[in-house]
Amino acid sequence: MSAAIGVAESPEGALAYAIPFPPEATPPVRPQALLEAWAAARAAAGAGRYGPARRFLFLRGGGEEPLALDLADPDARCWAEAVDAASPLDRAQGLALCLRLLALIDLLGRASWTRGLFVLDREGAEFHPALLAAAATAPLDATARFDAALLRERLTASLPARTTRP
Amino acid sequence: MTRLAPAVLLLALAACAARPPADPAEAALLAACRAEADRVMAARERAQLMRADEREAQVGALEGGSVRRGTDALGERFERDRMVADCIAGNRRAPRGN
């Protein structure tokens with residue numbers, strides 16, 4: 001985990017990150033930091049800020065092929081850029097924040113049971129603290145996503161709690 | 001009209017490129033609501049197919065089926081869009097202090 005994350009930039013401005021650990025070894029982050037990353041991504045989207053295309057190459061031991069995760073769509077590029085500005089992605093913590101933020105957004109979009117655990121209004125999103133804590137610390141899978149069933153198990157063990165606003 | 005087509009296409013492409021990035025919560029909610037609407041529509045379609053199979057087994061193929069299916073497709077698309085919009089509205093809380 002202590003090995004450095006290498007970054008290379010293409011002539012077109014795209015960034016490639018050589019990450020010396022697999023997605024499953026993504027370190028935990030503080031829930032508050034994840035909340036701040038969410039708020040930063042929201043602010044960047046609201047300001048219409050775009051970011052460069054990014055490719056994360058997760059190096060695996062044992063001669064396995066690296067896993068490539070491409071951030072190509074404008075939303076993911078914007079959100080990653082916002083995290084990078086606050087916590088550089090060439091550091092494990094910044095990268096972990098970015099990956100966990102993207103995994104959380106992905107989870108909210110595909111796991112219907114999360115619906116009661118966050119609400120939206122003009123002031124932003126409000127999360128149940130248990131959801132936030134789980135997203136900040138639960139392991140990512142080999143494709144840098146959350147295992148929805150595992151995360152749900154973690155959540156059910158930690159209720160009830162009050163809500164938190166970015 | 002044919003001379004205008006490339007310009008219209010360019011405008012459309014420019015509009016795509018200019019789409020502002022989405023708020024993460026809005027993006028997640030839209031994906032969730034679309035998935036939910038798709039699940040409901042798929043379940044409904046399965047039930048309708050089963051009923052249609054039963055009817056056809058009893059009285060044979062119904063005349064005018066293709067026209068009705070076309071109308072149904074439009075209606076289903078409208079219904080799905082309405083479900084997505086209702087879902088998004090239902091998961092938004094009224095702004096506070098206004």
field: Portion of B/R39 that has a non-hydrogen atom of chain A nearer than 4.5 angstrom
entry: side chain

- prompt: Checking A/R77 against chain B: side chain, backbone, both or neither under 4.5 Å from a heavy atom?
  reply: neither

Consider only side-chain heavy atoms of I, L, V, M, F, W and Y, link residues closer than 4.5 Å, and tell whether [X] and [Y] are in one cluster.
| X | Y | result |
| --- | --- | --- |
| A/V7 | A/L57 | no |
| A/L67 | A/L95 | yes |
| A/L140 | A/L59 | no |

statement: Correct closest heavy-atom pair for A/G48 and B/P21 would be CA-CD, 3.9 Å

query: So, for B/D23 and A/A45, which heavy atoms are closest and what is the spacing to 0.1 Å?
result: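 Taking every non-hydrogen atom into account, N-CB, 3.8 Å.
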
query: How long is the gap from CZ on A/R110 to CD on B/E36, to the nearest 0.5 Å?
result: 15.5 Å

Distance in Å, A/I105 CD1 paired with B/L29 CG, rounded so as to fall on 0.5 Å steps: 12.5 Å

Taking atom [atom1] as the centre, does [X] end up with more than 12 heavy-atom neighbours from other residues, nucleotides or ligands that are less than 6.0 angstrom away?
| X | atom1 | result |
| --- | --- | --- |
| B/R80 | CZ | yes |
| A/R91 | CZ | no |
| A/E64 | CD | yes |

query: Within the distance-only criterion (no hydrogens, no angle test), does the side chain of A/W79 pair as donor or acceptor with the backbone N or O of B/A22 below 3.5 angstrom?
result: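 Indeed, once roles are kept as given, a pair shorter than 3.5 Å links the two residues.
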
- request: Give the member of B/A35, B/A28, B/A32, B/P24 that has the highest number of heavy-atom pairs under 4.5 Å with chain A.
  value: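 So the answer, after comparing B/A35, B/A28, B/A32, B/P24, is B/P24.
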
